Amino acid sequence: MDDFLRLSAATARFTHGAPHGFSFGDDGRLLWFLRSDGPTDPLDGLWVLDTTTGAETLLAHPRALSSEPGELPVAERRLRERTRLVAAGIGTYALSDDGRRAVFPLYGRLYAVTCDGAGGPEELPVAGPALDPRPNADGSRTAYVADDALHVVPGGRVSPDDGARWGLAEFAAAEELGRARGHWWAPDGVRLLAARVDEGALQRRWFTDPARPHLPAEDFAYPEAGGPNAEVELWVLGPGRPVRLDLDAEAFPYLSDASWESDGEILLTVQDRLQRTVLLLGADPATGRTRELSRTTHPRWVDALPGTPARLPDGRMLTSADTPGGVARALAVDGKPLTGDGIQIRRVAGIHRGRLLVEVGQRDPSEQQVLLLDPDTGEATPLADGPGVHGALAGAGALLLTSADADGIRRTLHTADGRRLTPADRSAPLPYRVVPVLERVTEHGVPTALVLPRDHVPGRRLPVLVDAYGGPGYQDISAEPVRWQAKQWWADQGFAVVTVDNRGTPYVSPVFTHAVYRGFSDVTLEDQAAALLALGERHPDLDLGRVGVRGWSYGGYLAALAVLRRPDLYRAAAAGAAPTDFRHYDTAYTERYLGLPAEHPEVYERDSLIPDAPGLSRPLHLTTGLADDNVHPSHTLRLSRALTDAGRPHQLLALPGVTHMTPGGTREKVMALQLDFFRRELA
């Protein structure tokens with residue numbers, strides 16, 4: 001590997017040493033966060049910044065708690081994969097309600113620490129490898145999951161021994177619905193709301209990983225499109241008789257959020273299977289009875305808007321809405337629109353000084369601004385609206401603003417009394433200052449980006465590398481600088497690097513996002529090809545006779561799709577972790593867009609790559625991780641088998657021990673192999 005790839009691998013793509021995982025505590029006086037000791041240190045420690053003094057204190061570090069890093073238990077490894085954790089060490093923590101005490105798991109053990117660090121971290125006794133610990137309101141008790149059972153320390157097991165899994169989110173919730181937890185303390189610090197998950201009806205997927213020959217074969221339950229989902233119940237556990245909440249699991253099988261509003265009320269967000277209807281429910285923990293508080297519907301699917309639905313402090317209901325014609329994602333209060341076409345709401349980050357703190361798009365989709373919205377009038381006050389991507393976190397009058405642009409990332413803590421502090425960043429400086437050429441093309445206004453070699457001389461024709469994702473839920477073209485580092489490296493190898501956010505991707509408009517309803521392949525490939533041709537007309541240095549395409553996950557699907565169905569335009573593809581047949585992908589993601597396989601078999605057949613295998617006429621490089629439990633390796637192997645049966649030559653790279661997140665420098669090693677591939681095929 002060259003210097004950039006080695007640096008990218010050693011720094012976990014320039015994330016080691018950067019503070020992250022922020023939480024406010026003690027009425028905004030404390031800012032908790034995770035950070036490793038430097039740009040090549042993979043082990044995150046737990047820190048706290050005291051806003052009254054500006055001092056940062058290291059409260060816990062893996063090296064002080066373990067002589068050497070252990071191997072993560074299987075369940076913890078999968079939980080980190082679901083929540084996209086890259087760093088090792090202390091991956092997560094949870095705070096007591098007063099924000100003065102934290103608990104965290106580490107290599108199956110459980111620790112607690114106070115904000116003053118007195119006595120150092122305390123190891124708590126556990127019944128087995130501990131997962132997802134949560135302290136109660138005053139921090140006197142901690143709930144955690146071990147061996148599929150919910151426990152409390154001090155105390156013991158609190159869930160029944162009934163063969164179900166208690167206290168953790170099921171696959172669909174953690175991977176696709178944004179809910180990573182499965183138990184919640186009541187404000188009284190005595191009762192627990194707990195999810196009971198029965199996965200007995202699901203098929204099992206098996207792994208035999210050559211990278212871990214000392215471990216037995218692993219299996220896990222997977223909800224495949226058209227098949228059964230996990231059965232999820234919610235129970236209130238504590239003194240007295242357990243109470244089951246009255247949920248209509250047949251009509252609304254997905255639980256996407258839960259929280260205690262008070263000791264006498266629980267708030268739940270549930271969705272129907274096709275996610276066209278989202279309900280906010282109020283539940284009585286004493287009786288289990290539920291009542292509908294708000295309903296959000298869409299004829300295609302309700303696109304999840306973080307922070308909604310929710311109850312405002314005055315009791316009014318905050319929901320998402322589309323403006324007429326699907327021009328913008330908006331907010332509504334008690335059904336009355338609060339915002340219009342000029343603001344694309346992306347996230348409700350909380351309430352700050354009586355107003356809604358929201359992250360929005362107001363200009364180019366690659367940028368994000370932060371506003372305060374008056375919940376009565378909709379009046380907007382900008383907090384961070386310069387070029388770049390801005391985000392926010394509020395806590396009791398304090399505000400943390402994060403801003404990212406071509407010059408880097410800045411984090412500014414605004415204290416309640418008007419001072420400004422900056423959490424230290426120990427990450428490596430970004431090697432490149434990348435300013436991509438951003439353009440909107442075709443009649444659909446598709447966002448595109450072009451990155452050229454830094455030494456490019458106008459008039460020199462360049463082979464083109466399409467480096468894109470293209471799938472629902474992820475925006476590739478963003479002003480965040482880290483995203484452009486690898487693209488600049490590819491460009492400096494002698495390529496014009498093109499990225500296209502086709503219809504179906506987020507943040508342009510609801511109608512833009514919903515265009516992939518009942519079909520991925522046609523819209524994705526149509527927009528990708530049309531945008532590439534439009535860029536070729538605008539930029540004559542792009543040699544459209546030499547076009548390669550690469551991607552991972554849905555981007556891998558796009559890459560393989562391109563050479564299989566448009567070999568006239570795309571001459572070579574490197575497809576990683578591609579879902580080659582969505583009949584074998586998960587329920588919550590796939591059915592949201594494509595519907596049920598039994599009702600729309602032609603949609604699934606059209607979007608499958610397997611029938612196209614006999615027609616392959618261009619070089620195709622396939623990669624799969626043998627420990628990938630998101631896009632199981634069987635997807636890639638199924639396509640490879642179809643190509644082999646049809647006598648179509650291709651390359652297959654199977655990576656032992658590699659998950660969907662490609663940890664440990666694997667991505668950079670794959671990039672080096674792909675570089676050789678594209679240089680050879682596009683010469």
Side-chain angles (χ1 to χ4, degrees), residues 24 27-28 97 177-179 184 186-187 193 234 245-247 252 254-272 275-285 289-298 302-324 326-362 369-383 392-399 510:
F24 279 109
D27 292 326
D97 282 1
L177 303 177
R179 176 174 63 83
W184 302 261
L193 175 67
L234 285 176
L245 299 191
D246 182 16
L247 298 176
F252 297 95
Y254 291 136
L255 172 71
S256 51
D257 198 13
S259 63
W260 289 80
E261 181 78 348
S262 66
D263 281 326
E265 185 180 27
I266 296 169
L267 294 183
L268 309 170
T269 302
V270 297
Q271 305 180 43
D272 68 333
Q275 297 158 66
R276 293 171 176 167
T277 302
V278 177
L279 303 183
L280 180 65
L281 303 176
D284 183 343
R289 288 193 292 268
T290 60
R291 60 191 178 96
E292 182 178 322
L293 301 177
S294 74
R295 178 179 291 247
T296 307
T297 63
H298 195 283
V302 176
D303 215 14
L305 180 61
T308 68
R311 176 188 279 156
L312 298 177
D314 60 11
R316 291 181 294 170
M317 296 298 159
L318 181 70
T319 57
S320 65
D322 291 355
T323 61
V327 175
R329 299 185 74 193
L331 287 174
V333 176
D334 279 350
K336 180 181 178 181
L338 189 66
T339 56
D341 289 348
I343 298 176
Q344 298 278 356
I345 304 292
R346 299 187 177 184
R347 185 173 81 98
V348 179
I351 294 178
H352 183 59
R353 298 180 178 175
R355 289 182 288 177
L356 296 172
L357 182 67
V358 292
E359 296 169 351
V360 306
Q362 293 179 286
Q369 295 80 39
V370 177
L371 303 177
L372 284 177
L373 284 180
D374 188 310
D376 298 319
T377 66
E379 178 185 0
T381 303
L383 290 181
L393 175 70
L399 182 69

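For clarity, every value in this text was computed on a predicted model and none was experimentally measured. Along the sequence shown, residues are numbered consecutively beginning with 1.
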Subject >> Min side-chain heavy-atom separation Arg295-Leu279 under 4.5 Å >> reply: yes
**OP:** Using the side-chain contact (heavy atoms from CB on, under 4.5 Å) rule, take Asp303 and His298 through it: C-alpha gap first, then chi angles, then the decisive distance, then the call.
**Re:** CA-CA 9 Å; Asp303 215 14; His298 195 283; over 6 Å; no
Original post:
Which distance, rounded to the nearest 0.5 Å, do you find between the CG of Leu371 and the OG1 of Thr381?
Top reply: 8.0 Å
Original post:
If you look at every heavy atom in Ala392 and Leu357, which pair is closest and at what distance?
Top reply: CB-CD2, 3.7 Å
**OP:** Given side-chain contact (heavy atoms from CB on, under 4.5 Å), test Leu281 with Glu292 step by step and report yes or no.
**Re:** CA-CA 5 Å; Leu281 303 176; Glu292 182 178 322; 4.2 Å; yes
**OP:** Among Asp334, Leu280, Leu305, Thr308, find the residue that satisfies the side chain to side chain contact (heavy atoms under 4.5 Å, CB included) test when tested with Leu318.
**Re:** Thr308
**OP:** Start with the C-alpha distance between Lys336 and Arg316, add both sets of side-chain angles, then the distance that settles side-chain contact (heavy atoms from CB on, under 4.5 Å), and finish with yes or no.
**Re:** CA-CA 11 Å; Lys336 180 181 178 181; Arg316 291 181 294 170; over 6 Å; no
Subject >> Any side-chain heavy-atom pair of Pro309 and Thr269 under 4.5 Å >> reply: yes
Original post:
Taking side chain as C-beta onward, heavy atoms only, is Leu338 less than 4.5 Å from Leu356?
Top reply: yes
Subject >> Nearest-0.5 Å distance that lies between atom CD1 in Ile351 and atom CG in Leu372 >> reply: 11.0 Å
Original post:
Are side-chain heavy atoms of Val270 and Val278 found at a separation under 4.5 Å?
Top reply: no
Original post:
Is the shortest heavy-atom distance from the side chain of Pro306 to the side chain of Arg346 under 4.5 Å?
Top reply: no
Subject >> Nearest atoms (heavy-atom pairs only) where Asp272 meets Tyr254 >> reply: O-CD1, 3.6 Å
Original post:
Atom CG in Leu268, atom CG in Asp257: separation rounded to 0.5 Å?
Top reply: 8.5 Å
Original post:
What's the shortest heavy-atom distance between Trp184 and Leu234, and which atoms?
Top reply: CZ3-CD2, 4.1 Å
Original post:
For Gln362 and Gln369, which heavy atoms make the closest approach, and how far apart are they?
Top reply: N-OE1, 2.9 Å
Original post:
Atom CZ of Arg353 and atom CZ of Arg355: how far apart are they, to the nearest 0.5 Å?
Top reply: 9.0 Å
**OP:** Decide yes or no for Ile343 and Leu331: does some side-chain heavy atom of the first lie under 4.5 Å from some side-chain heavy atom of the second?
**Re:** no
Original post:
Roughly how far, to the nearest 0.5 Å, is CG of Asp322 from OG1 of Thr296?
Top reply: 10.5 Å
**OP:** Please check if the side chain of Arg329 supplies one atom and the backbone of Ser320 the other of a donor-acceptor pair under 3.5 Å.
**Re:** no
Original post:
Considering all heavy atoms of both residues, which atom of Ala398 and which atom of Gly28 are nearest to each other, and what is their separation?
Top reply: CB-O, 3.9 Å
Original post:
Would you say Gln271 and Leu177 make side-chain contact, with heavy atoms under 4.5 Å?
Top reply: yes
Subject >> Shortest non-hydrogen separation from Ala328 to Gly340 and the atoms involved >> reply: CB-O, 3.8 Å
**OP:** Enter the distance from Glu359:CD to Leu393:CG here, rounded to the nearest 0.5 Å.
**Re:** 9.5 Å
